[in-house]
Amino acid sequence: MGKDNQGDTLIDKVSEHKSKYADELLHLAQLDNAGSKLLVVQTVILVALGVAMLLKSESLFTPALPIEWIRLVALLLAVFSFVCGWGHTLLALKIELREFQNNQASSNVMSENPVGIKRNSTAEEIDAIAKLSEVISEKKRNLRLAYEELTMGAWFMGITVAVSIGMKLLG
């Protein structure tokens, strides 16, 4: 009876690990989806900003008045923020799972037959889940930074536009 109880406990642990691993993989897929959408938005913003800067380059890059310098600095800070956000999004999408996909412990976690798994593989499975959680944390950190930089870029663009509108109205 004790041996059956140990087997049931092992099966319960393996089932729990399988569930946790599946949850982590789902969370990872959601982060990749959000990162892909963010990358598209940031790429469109950078292209639009580049075209606008090209079309207005004569008036933007030849500041004479202090207000024109403020506008230029705000524009350059916006571009820098958007580029940094774009880079952090690329970093988030770059982090891959190759080391986990080829890992025997990862395969064990997702195997259909929990009875055939060795008892010592449980520690390996826990390690695989921990590594997957680390990858997810790194992706989250890079995406959080990308969103913050996108927000900062939007504020700097707002300042640039507000100064440009003010200059048109007053000049």
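FYI, the numbering just counts along the sequence from 1. As the structure is a prediction and not an experimental result, all values here were calculated from the model. The figures here come from the full heavy-atom set of this structure, side chains too, leaving out hydrogens, waters and symmetry mates.
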Undergrad: Measure from the side-chain N and O atoms of Glu149 to the backbone N and O of Gly85, and report whether any donor-acceptor pair falls under 3.5 Å.
TA: yes

Undergrad: Does Leu28 share a hydrophobic cluster with Tyr147, counting links as ILVMFWY side-chain heavy atoms below 4.5 Å and allowing steps through other members?
TA: yes

Undergrad: Is the closest basic N to carboxylate O distance between Glu138 and Arg141 below 4.0 Å?
TA: yes

Undergrad: Is a donor on one side and an acceptor on the other found under 3.5 Å between the side chain of Gln42 and the backbone of Leu39?
TA: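 Flag not set: sc Gln42 to bb Leu39 has no pair under 3.5 Å.
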
Undergrad: When you look at Lys139 and Asp32, which way does the side-chain contact (heavy atoms from CB on, under 4.5 Å) test go after all the steps?
TA: CA-CA 8 Å; Lys139 281 183 178 275; Asp32 282 342; 2.6 Å; yes

Undergrad: Can you hop from Val135 to Tyr21 via hydrophobic side chains spaced under 4.5 Å?
TA: yes

Undergrad: With a 4.5 Å limit on heavy-atom distance, are the side chains of Asn33 and Gln30 in contact?
TA: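 No. Closest side-chain heavy atoms not under 4.5 Å.
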
Undergrad: Run the side-chain contact (heavy atoms from CB on, under 4.5 Å) check on Glu68 and Leu65 step by step: do they pass?
TA: CA-CA 5 Å; Glu68 291 173 335; Leu65 301 172; 4.0 Å; yes

Undergrad: Indicate every side-chain donor-acceptor pair of residues 154-166 with a distance under 3.5 Å to a residue at least two apart or in another chain.
TA:
unit_1	atom_1	unit_2	atom_2	d
Thr160	OG1	Leu75	N	3.1
Thr160	OG1	Phe156	O	2.9
Ser164	OG	Thr160	O	3.0

Undergrad: Mind checking the CD1-CG spacing from Ile136 to Leu26? Nearest 0.5 Å is all I need.
TA: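 It is 9.0 Å, given to the nearest 0.5 Å.
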
Undergrad: Working to the nearest 0.5 Å, report the span between NZ of Lys131 and CD1 of Ile126.
TA: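 If we round to the nearest 0.5 Å, Lys131:NZ and Ile126:CD1 are 13.5 Å apart.
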
Undergrad: For the CG atom of Leu38 and the CG atom of Leu90, what is their distance to the nearest 0.5 Å?
TA: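 Rounded to the nearest 0.5 Å, the CG-CG separation comes to 9.5 Å.
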
Undergrad: Just how far is it from atom CG of Leu145 to atom CE of Met152, taken to the nearest 0.5 Å?
TA: 9.0 Å

Undergrad: Taking the side chain from His88 and the backbone from Cys84, do they hold a donor-acceptor pair closer than 3.5 Å?
TA: yes

Undergrad: Is the side chain of Ser57 donor-acceptor paired with the backbone N or O of Leu54 at a distance under 3.5 Å, no angle test?
TA: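 Indeed, once roles are kept as given, a pair shorter than 3.5 Å links the two residues.
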
Undergrad: Would you find a donor on one side and an acceptor on the other, under 3.5 Å apart, between the side chain of Glu24 and the backbone of Lys20?
TA: no

Undergrad: If I compare all heavy atoms of Leu46 with all of Val79, which pair ends up nearest, and what's the gap?
TA: CD2-O, 4.5 Å

Undergrad: If I compare all heavy atoms of Ala92 with all of Asn142, which pair ends up nearest, and what's the gap?
TA: CB-CB, 3.7 Å

Undergrad: What about Val83 and Leu77, same hydrophobic cluster or not, with Ile/Leu/Val/Met/Phe/Trp/Tyr joined at side-chain heavy-atom distances under 4.5 Å?
TA: no

Undergrad: Does Leu150 form a side-chain contact (heavy atoms from CB on, under 4.5 Å) with Ser81? I'd like the steps, not just the answer.
TA: CA-CA 7 Å; Leu150 182 64; Ser81 295; over 6 Å; no

Undergrad: Following the transitive rule for hydrophobic clusters with a side-chain heavy-atom cut-off under 4.5 Å over Ile, Leu, Val, Met, Phe, Trp and Tyr, establish whether Val41 and Trp86 coincide in one cluster.
TA: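 Shared cluster, yes.
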
Undergrad: Say you draw a straight line from CG of Leu72 to CD1 of Ile70; how long is it, rounded to the nearest 0.5 Å?
TA: 11.0 Å

Undergrad: So, for Ala146 and Thr89, which heavy atoms are closest and what is the spacing to 0.1 Å?
TA: CB-OG1, 3.2 Å

Undergrad: side-chain contact (heavy atoms from CB on, under 4.5 Å) between Phe61 and Met53: does it pass, once the steps are laid out?
TA: CA-CA 9 Å; Phe61 296 110; Met53 287 173 55; 3.4 Å; yes

